Number of protein chains: 2
Amino acid sequence: MKSISQEDYIKRIYKMQSGNKSSVASGSLAIELGVSKAAVTDMTRKLAKEGLINYQSYKGSFLTRKGERKALDIIRRHRLWELFLVEALNLNWAEVHDEAENLEHYTSEFLINRIDKYLNFPEFDPHGDPIPDKNGKLPKTRKRIQLSKTKSGKDFVVCRVDDKNAGLVDYLGKVGIGIGVKLKIIERLEFDNSVMLKIKKKEIVLSEKIAEKVFVSELKDE
Amino acid sequence: MKSISQEDYIKRIYKMQSGNKSSVASGSLAIELGVSKAAVTDMTRKLAKEGLINYQSYKGSFLTRKGERKALDIIRRHRLWELFLVEALNLNWAEVHDEAENLEHYTSEFLINRIDKYLNFPEFDPHGDPIPDKNGKLPKTRKRIQLSKTKSGKDFVVCRVDDKNAGLVDYLGKVGIGIGVKLKIIERLEFDNSVMLKIKKKEIVLSEKIAEKVFVSELKDE
DNA sequence: TAAATAAATTAAGTATGCTTAACTTATCGG
DNA sequence: CCGATAAGTTAAGCATACTTAATTTATTTA
């Protein structure tokens, strides 16, 4: 019996884990999911019984390999749906998250694989978040640093945009910044910590607040 | 609070009504939905309380205007999703029904309108079933007769394919038959009641069994 | 180290949407 | 018009996924 709630728990645990690697406290899970702690106790016991998480009273939970596999599957659905809605229907990135949040639970293996194929098996979405493949494998990623912490004169590639709340991806798109775009740091302005950079001969200044949200990896010519 | 079960009941009642216009018996609803009669009694009472159906003990149910509006909305979602999956992802008609059955419940007004726009506001799906518009209005339809009951020599347009179980639409597509296609009846063969017809200079024979499933309306040159 | 406090669990209860079994209505045939 | 039968309803119960309130466990700090 498939359960949407279970999928939401699993996904949340995965995301909270991958932050600091340790086990996830029931209390913070409750807050993230917007339910009571009692509900979490209930559900974590069920998930443990199904072998999706390890859970001990008063100790918190973390995913088993089986649970992680499941989490990756849900994330795959989510990111492919997002990308598909943007590509096929021209929705904005800001509009797409909530739709995917629903659709991800009701998409057959068959359908999501067709969407994957339509998109030509993408490895990253426009936030730079990796998309697990149909076997739950994540693409390799390089070391990433915030644009606000780069050194002048070096070349970088944009590889992630942290866009939890706003429609930042849509905004950056307008100034020419997207995943895979190459850029050179000209300088960091002492005054307000903003960053001046060059993209295809064009010079752009980004505020510190935005530069913090853009992650890049160093471009070494091989 | 939105309920998927409720939506399924409403949709089913709509479809059973539109057949013979009268009220729908609890027993047959139960069979169609694959639940117990007791479950139907329960749910119909709830639907009545919400003003979606008229229901009296031992008398059956029929939709109120509010319920009908809701039914049309769900059918709209279903048919647009089907069409979209076929058009955008190249799925076959046989593959598409079950997916739409899930997705229809989890699609925002916003998204379904974008899908509608993508498809250029279609009035009929490839079965010839009408697609309600965003105000719940159905497109006008002409009188339809089965291809197996047409008279020789006359011209017709295909306007519906009854394809409850199989992938008939996909099959007919291969021989050149689809919604809106014009054809002339050459003759009905006494032998097996098959129908010989002409589509764009090409002659085709359809078995009685298939001809029964294809609905056409007479083509009068105006 | 023991008391205070924070975190988690248990207990009891709710709503939804089902089930089966027993009972009630309605209707149809003789 | 009355009894058999079919159709529908009631009653009790189950699973899921929650809630609040009371209680227990763990941790911190004085």
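Numbered from 1 within each chain, the chains take letters A, B, ... in sequence-line order. Note that the coordinates shown come from a computational prediction; the quantities given were computed from them, not determined experimentally.
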Any base atoms under 4.0 Å from A38(A), or only sugar-phosphate, or nothing? Heavy atoms, all strands.
base
In whole angstrom, give the distance that lies between atom NE2 of H105(B) and atom C1' of dG17(C).
14 Å
Here the distance between atom P of dG17(C) and atom CZ of R45(B), to the nearest Å, is 15 Å
Of dG8(D), dT10(C), dC18(D), the nucleotide closest to the side chain of A25(B) is dG8(D)
Any Y9(B) side-chain N or O less than 4.0 Å from OP1/OP2 of dC18(C)
yes
Over all strands shown, is S5(A) touching base, sugar-phosphate only, or nothing at heavy-atom distances under 4.0 angstrom?
sugar-phosphate
Is any side-chain nitrogen or oxygen of S3(B) closer than 4.0 Å to OP1 or OP2 of dT16(C)?
no
d(NZ, K37(A); P, dC18(D)) in whole Å:
16 Å
Distance-only side-chain donor-acceptor flag, Q6(A) / E50(A), under 3.5 Å:
yes
Reference residue S217(B); test side-chain contact (heavy atoms from CB on, under 4.5 Å); the match among R160(B), K143(B), R142(B)
R142(B)
Testing dT9(C), dT19(D), dC18(C) for proximity to the side chain of V35(B), the answer is dC18(C)
I need the CD-P distance between Q56(B) and dT25(C), as an integer number of Å.
15 Å
From the list H127(B), K213(B), H97(B), side chain to side chain donor-acceptor pair (under 3.5 Å) with D163(B) holds only for H127(B)
Can you tell me if the side-chain N/O atoms of S36(A) get under 4.0 Å from OP1 or OP2 in dC18(D)?
no
DNA chain D nearest-nucleotide lookup for I4(A) and Y58(A): closer to the 5′ end is I4(A)
Which part of the nucleic acid does S57(B) contact within heavy-atom distance under 4.0 Å: base, sugar-phosphate only, or nothing?
sugar-phosphate
Return the value, rounded to whole Å, for the distance between atom CE of M43(A) and atom C1' of dC18(D).
9 Å
Using atom CG of D42(A) as one end and atom P of dA8(C) as the other, report the distance to the nearest whole Å.
15 Å
Output the rounded distance in Å from CD (E7(A)) to C1' (dA17(D)).
15 Å
Report yes if the side chains of R76(B) and D116(B) come closer than 4.5 Å at any heavy-atom pair, otherwise no.
yes
Quick one: K46(A) NZ to dC14(D) P, roughly how many Å, whole number?
16 Å
Determine: side-chain N/O of T41(A) to OP1/OP2 of dT10(C), distance under 4.0 Å, yes or no.
no
Are any of the side-chain heavy atoms of V35(A) and L29(A) separated by less than 4.5 Å?
no
